[in-house]
2 protein chains.
Amino acid sequence: MAYRETEKMRQRKALARQRILDCAQLRVTEGGFRNAQISQVASQAEVATGTIYRHFESKEELFAEVFRAATEREVGRVAKDLAGDGDAVERLAQALRHFARRALRAPTMAWALIAEPVDPRVEAERLRYRRAYAELFEAAIREGVREGSLPAQEARHSSTCLVGAIAESLVGPLSPAQSTDGKTPPTDYESLVNTIVGFCLQGLTGTRR
Amino acid sequence: MAYRETEKMRQRKALARQRILDCAQLRVTEGGFRNAQISQVASQAEVATGTIYRHFESKEELFAEVFRAATEREVGRVAKDLAGDGDAVERLAQALRHFARRALRAPTMAWALIAEPVDPRVEAERLRYRRAYAELFEAAIREGVREGSLPAQEARHSSTCLVGAIAESLVGPLSPAQSTDGKTPPTDYESLVNTIVGFCLQGLTGTRR
DNA sequence: CTAACAAGTGAATCAGCATTCATTTTTTGT
DNA sequence: ACAAAAAATGAATGCTGATTCACTTGTTAG
């Protein structure tokens with residue numbers, strides 16, 4: 001018996017795997033999932049195409065993981081905002097506002113995560129994470145109801161509306177067409193963010209503020 | 001000179017074209033855009049695959065037209081509801097309610113139109129029509145503001161939120177995964193519809209009702 | 001050093017459909 | 001009935017990348 005996987009090797013492999021993931025993510029950040037080909041990722045990561053298949057089942061699996069990593073980071077941030085100070089309404093407002101701002105600041109990636117047409121495998125992740133966001137909001141809404149800052153409501157459904165409203169509102173401004181066509185006047189992002197947040201809060205509270 | 005396109009021929013061609021469109025639509029109704037292949041459409045319409053290309057530029061073009069036809073019908077219905085009786089708020093409520101009910105009654109087609117991953121050509125149509133819905137809502141909102149049933153607001157943005165909220169709320173219930181997995185309890189559609197409409201109205205009016 | 005095995009390579013292969021086009025069939029006016 | 005022209009046909013072709021795999025290189029333990 002001669003070869004045995006050693007710690008050093010394990011680390012090196014993990015590193016390579018990570019480098020592949022990073023490069024794949026970079027490609028997505030630059031042009032969305034659509035023009036992120038395996039061969040490109042490979043050359044960027046300085047490995048052969050075949051090597052990618054030693055680390056990932058398939059292209060879909062690789063990009064599903066990219067999607068997961070990127071979205072998990074976002075979900076974490078939203079969760080953090082929702083765990084912050086103030087009553088539930090204030091925390092929801094904060095979370096929505098920050099989410100929108102982050103998206104608008106990294107538009108290609110945000111668009112890829114929110115609206116780009118993708119393979120079913122990746123689409124499945126998207127569905128999962130939309131649910132994840134909705135569940136975070138749902139919990140916050142329930143708290144709001146409990147503490148009295150929100151009126152009683154079907155938290156399950158209104159949280160979904162929240163996710164939809166914010167996602168849809170961002171689709172237009174994030175679309176590559178939008179940023180490329182040169183004729184659409186640049187949206188006033190802060191005003192957009194304000195309206196989105198305003199609408200969502202009213203939807204939840206039934207109160208203008 | 002021997003052959004000249006005659007009226008009879010023109011009609012027959014129009015008929016064939018329509019039959020192709022109908023069959024394509026039928027395929028979509030049954031399994032979404034994903035498993036609607038040209039060869040299938042052809043055999044269903046009882047023509048050769050090549051024939052389809054005498055009537056349509058390309059697959060994408062064909063399905064873009066299917067999409068257009070189906071969505072235009074929907075947009076028309078929404079427009080009709082928005083032109084109905086009552087104040088703007090009542091009309092918006094009606095339009096949203098009916099839209100959601102129709103979608104839930106024809107889930108596969110609705111899912112294909114709202115959320116299925118599709119070719120860019122078709123996706124472009126989708127974007128266009130989301131705008132179309134939003135614009136209809138936007139006009140109604142402006143009327144509401146004018147007549148005083150709605151508080152002043154950025155109609156442009158709140159209409160987008162409306163579209164997003166309703167679309168997102170329907171994605172889950174419409175997903176093929178949902179209807180196929182057999183373990184998810186059947187959603188109470190009327191309650192879902194009520195929450196969606198309620199949320200949207202509050203979002204617009206700032207008033208519980 | 002060497003045997004035993006793992007990891008890496010990238011050119012060749014494959015797959016799945018859309019699309020084409022040489023051929024056949026149908027239509028039309030005379 | 002015939003020739004000119006259009007329309008229909010569907011088997012063959014083409015495209016685009018993902019995926020494979022025979023081979024090379026690197027690693028390990030004795």
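Quick note on labels: first sequence line is chain A, next is B, and so on, each numbered from 1.
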(message) Closer than 4.0 angstrom, basic N to acidic O: yes or no for B:E61 and B:R68?
(response) yes
(message) Apply side-chain hydrogen bond (donor to acceptor under 3.5 Å, both in side chains) to residues A:D22 and A:Q18 and explain how you reach the verdict.
(response) CA-CA 6 Å; A:D22 291 346; A:Q18 192 54 51; 3.1 Å; yes
(request) Using ring pair (Phe, Tyr, Trp, His ring centres under 6.0 Å) as the criterion, list what pairs up with A:F56, not counting sequence neighbours. (result) none
(request) I would like to know whether B:F199 and B:I196 meet side-chain contact (heavy atoms from CB on, under 4.5 Å); could you show each step before the answer? (result) CA-CA 5 Å; B:F199 178 94; B:I196 299 173; 5.9 Å; no
(request) Kindly state which residues belonging to residues 7-23 of chain B come within less than 4.0 angstrom of DNA chain C, counting heavy atoms of the residue only, listed by number. (result) B:K8, B:M9, B:R12
(request) Please determine if B:E57 and B:R121 form a salt bridge, counting it only when a charged side-chain N lies under 4.0 Å from a carboxylate O. (result) no
(message) Salt bridge or not between A:E7 and A:R10? Use side-chain N to carboxylate O under 4.0 Å.
(response) yes
(request) Please state how far atom CD in A:Q40 lies from atom P in D:dT16, giving the value in whole angstrom units. (result) 14 Å
(request) Take the angle between the ring planes of B:F67 and B:Y129 and call it parallel below 30°, perpendicular above 60°, tilted in between. (result) tilted
(message) Looking at B:R146 and B:E143, is there a salt bridge between them, counting it only when a charged N and a carboxylate O are closer than 4.0 Å?
(response) no
(message) Can you measure A:H55 atom NE2 to C:dT9 atom C1' for me and round it to whole angstrom units?
(response) 12 Å
(message) In this structure, how many angstroms lie between the P atom of D:dT9 and the CD atom of B:E46, rounded?
(response) 10 Å
(request) Encode nucleotides 18-24 of chain C as B, S and - characters from 5' to 3', where the letter depends on protein heavy atoms closer than 4.0 Å: B to the base, S only to sugar-phosphate, - to neither. (result) SBB----
(message) What is the distance, to the nearest angstrom, from the CG atom on A:D119 to the P atom on C:dG16?
(response) 15 Å
